**Student:** 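Right, I'll just put the structure down here and ask away after.
Quantities reported herein were computed from a predicted structural model and do not represent experimental measurements. Residue numbering restarts at 1 for every chain, and letters A, B, ... go by the order of the sequence lines.
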Amino acid sequence: MYKSLLCLRYLRTRYIALASIISMTLGVATMIVVNSVMDGFSTDMRDRLRGILADVIVETNSLDGEPNTQDLKDRIQRAVGNDIEGMTATVEIYAMLSVQYGSQWQSKPVTLIGIDPATKATVGPLSKYLVNTSEASIPDWELSPTAMAYRKEWTTRAQWMVDRWNHNPPPMEEEVTLVEKPDSAEPLAPPKFDSEPASESPFDSKPLVAEDTESLSNPFDKELKASVFDKFDKAEKRDPGSPLKGRVYIGYGLVSFPYEDPDTGETKMFQIVKPGDDVKISTVTAGRPPEPVHFNATVIDLFKSEMSEHDSSLVFCNLEYLQEMRNMIDPESDERSITSIQIKLKNPEDAAMVVSKLEEALPAGQRFRVRTWEDKQGPLLAAVEVESAILNVLLFLIIAVAGFGILAIFFMITLEKTRDIGILKALGASSNGIMSIFLSYGLALGLVGSGVGVIVGLLFVKYINQIEKFITFITGRKVFDQRIYYFPEIATHVEPMMVFWVAFGAMVIAVLASILPARKAARFHPVESLRYE
Amino acid sequence: MTETISMPQPQLAAIAVEKAYRKDKHKIPVLHGIDVEVNKGEFLSIVGQSGSGKSTLMHLFGLLDTPDVGEIYLEGQQIDDLPEHARDQIRNHVFGFIFQFYHLLPELNLLENVLSPLMIRYSTWEYWKKRKQFKQDALEIIEKVGLSHRIKHRPSELSGGEMQRAAIARALIAKPQILLADEPTGNLDSSTGKEIMDLLTNLNEQEQLTIIMVTHDNLIAAQAHRTVRLREGQIEVLGKSKIASVPA
Ligand SMILES: Nc1ncnc2c1ncn2[C@@H]1O[C@H](COP(=O)(O)OP(=O)(O)O)[C@@H](O)[C@H]1O
Ligand SMILES: [Mg+2]
């Protein structure tokens, strides 16, 4: 009884001891903040990476892609079908995005991903990141009514301008058409000639029917038209207000940039492209050697994952059109090539196991590469992990230093309490009883220290963005710059077990630090203690 | 030992006790061959110069220290060689201590100080169950020493006389058989000292409490039944016992 009473009284009357645990409190708080922020970064990053890149990706080594899509899918199904929740075939290729702003063209390198939104939705929550698409709906390649109206408005105006200057096709379209015609016609030449003998047989055998005259007279022209020029013809013929055949979701970071409002001093985003606008994309065709290819595409929606790396590098395009433009469609079998298959797993933790199974099932190292999303961003996540490990060690050393502080203060307190220890012994207290006073005192200090630390840490984590704003306001410098840190806000994730272990570790250190002084106190000889004045 | 059977047994006895302190290699002999005994209900005072070993003897009686040679008997039982746990128990149950410098615990108020021997005796749970009874007892004893108006005060807020009376209350709460008082008036002015002495003699007379009191003041010592003098580590018997025999 006297133990807890005295322990409490010492706690209340000796604030200097509380000072000794301030470094412990700070250590605990910092550890919680650091771990939460690091963890939040990794967790958020993982979520977003998964949303965009899926859990496991099977990629072809060549940019030409794999024509036998169904076979590849079957093999994947056979190997790991039970673990798969969804998969989607994509074409991934480097490209150049050109956007007109005012009278000036801006070009940026991008990763162009041809997707099928319906199957893509089974792999990752793409619609979640599309600005003008509701999260629940499956995104498609249609313009929203507002975007449609906007498009009508600007195309009409452009048409009016064109008419007014009596200048037939708008200069931008003409330029493209001119460049594209000869370029894209070139690689197509061989298949065209190859197919000629096939078409020759009916040619030879038959006396011609009247309706066929046209095709007979110029089969060359018809082939060419069907394969390449068709789209341009159509584009020219279609209603200028309706979207082009190429449709894209563009990363928000590619078409917007921050600027400082001169009046308020606030940083705002300036957007140069809206859904309904057209952009130009240049990439290469499949085949040897790759040839450049250009096409125009209508922006259907903007894509904003809040991960600046993706937002400023990804362009999603309708898969069929991209395959068409890249000559990935076999003219005979109509087989369409793809370059990668994104797979979503039922349990993302199985990724490593699925990868090894897939590597076995697919001709390893030759045509395919199997990777997890983690591999793709592995170095970054690994760096974060190493960093947080180092920080944890350093911060735990701070707590250990706090432990020595407690040790020193406790020695002082036991010295100060020598006489009282003698009194207690004279009154019949046992050595163990005396020891437990100081041990529980240490434990109580540890509890207070780590408890306050936990509270401070959690509050800091909760209000970290407000704190960041405040510091930014005071110092006038952005502490957490989105361009460096991927996310617009500091992401945090509090792992309860982490909090528990940090608090527990701090308490263990406090108790360990009080063992030595407590034992010393217990061994005081009562007579000598009583003489102590 | 045959004597102790035939004669009325002394309640507490020191037999041929020797004690020396060791300072580095030097041996400082303090007590050489002390025989003192006290009967139940007796008020014994021990006088001697400062440094003559009075406190040392008290500590030996109270089991706060062990004699180098010789034995301490309580009711005919040797107690100086008991294991530590048993010695702690005897200190708590049998002896009440009063010190020259009061030795109250500064963090506790008067009431808590008085209750501290009971807090030490009982576990938290047992103490909690009986706390009302204990508080009742403590208040009674505090009233007896005349400090009822001071129960919430800390020792630092009390005068010397009040502190000593609080210490007496603390010594009494555990219902000890023997009160060991080491210069209880040593730090007090004469009138306050007289109050304390009145309190002690009252306790001895009314409750038959055995008291061993150490003092260097012959006048104070004279209020006891019997006085022994310590000189050069040995006992010099002075006065005869004022009471012929132990009231049984
Ligand atoms: N712990 C100790 N170490 C060495 N000498 C001591 C110690 N305690 C007491 N002494 C010596 O023993 C002698 C007796 O002390 P004490 O019993 O306190 O005398 P008194 O109470 O009669 O004044 C003194 O000379 C003192 O210096
Ligand atoms: Mg003394």
**Student:** In Å and rounded to the nearest 0.5 Å, what is the CZ to CG distance from B/F101 to A/L530?
**Tutor:** 11.5 Å
**Student:** B/F95 versus chain A, heavy atoms under 4.5 Å apart: side chain, backbone, both or neither?
**Tutor:** neither
**Student:** Any chance NZ of A/K520 has more than 12 other-residue heavy atoms, nucleotides or ligands included, within less than 6.0 Å?
**Tutor:** yes
**Student:** Apply side-chain contact (heavy atoms from CB on, under 4.5 Å) to residues A/S431 and B/E84 and explain how you reach the verdict.
**Tutor:** CA-CA 9 Å; A/S431 294; B/E84 195 174 341; 3.0 Å; yes
**Student:** Is B/D65 close to A/H525 at the side-chain level, that is, under 4.5 Å between some pair of heavy atoms?
**Tutor:** yes
**Student:** Side chain of A/R9, backbone of B/L108: donor and acceptor closer than 3.5 Å?
**Tutor:** no
**Student:** Any chance CD of B/E143 has more than 12 other-residue heavy atoms, nucleotides or ligands included, within less than 6.0 Å?
**Tutor:** no
**Student:** May I ask you to test the B/P106-A/R419 pair for a side-chain heavy-atom distance under 4.5 Å?
**Tutor:** yes
**Student:** Within a reach of under 6.0 Å around CZ of A/F500, are more than 12 heavy atoms found that belong to other residues, nucleotides or ligands?
**Tutor:** yes
**Student:** Looking at chain B, which one of A/G433, A/G422, A/A426 has the largest number of heavy-atom pairs inside 4.5 Å, strictly under?
**Tutor:** A/A426
**Student:** Look up atom CD in A/E528 and atom OH in B/Y21, then write down how far apart they are to the nearest 0.5 Å.
**Tutor:** 8.0 Å
**Student:** Are the side chains of A/K417 and B/E107 in contact, using a 4.5 Å heavy-atom criterion?
**Tutor:** yes
**Student:** Going by heavy atoms in the side chains, are A/L424 and B/L105 under 4.5 Å from each other?
**Tutor:** yes
**Student:** So with a 6.0 Å cut-off around CZ of A/F411, is the heavy-atom count from everything else above 12?
**Tutor:** yes
**Student:** Just checking heavy atoms, which of residues 157-185 of chain B are less than 4.5 Å from chain A?
**Tutor:** B/R170
**Student:** Which answer fits B/Y102, side chain, backbone, both or neither, if we ask what part of it has an atom under 4.5 Å from a heavy atom of chain A?
**Tutor:** neither
**Student:** Looking only at atom types and distance, does a side-chain atom of B/N92 sit under 3.5 Å from a main-chain N or O of A/L427, one as donor and one as acceptor?
**Tutor:** yes
**Student:** I need the residue from B/E112, B/R87, B/H93, B/H85 with the largest number of non-hydrogen atom pairs under 4.5 Å to chain A.
**Tutor:** B/E112
**Student:** Would you indicate whether B/Q234, at its atom CD, is surrounded by more than 12 heavy atoms from other residues, nucleotides or ligands within a distance under 6.0 Å?
**Tutor:** yes
**Student:** Kindly check if the number of other-residue, nucleotide or ligand heavy atoms within 6.0 Å of CD (A/Q466) is above 12?
**Tutor:** yes
**Student:** Quick check on B/K27: does its NZ atom have over 12 non-hydrogen neighbours (other residues, nucleotides or ligands) under 6.0 Å away?
**Tutor:** no
**Student:** Relative to chain A, which segment of B/L63 carries a heavy atom at a distance below 4.5 Å: side chain, backbone, both, or neither?
**Tutor:** neither
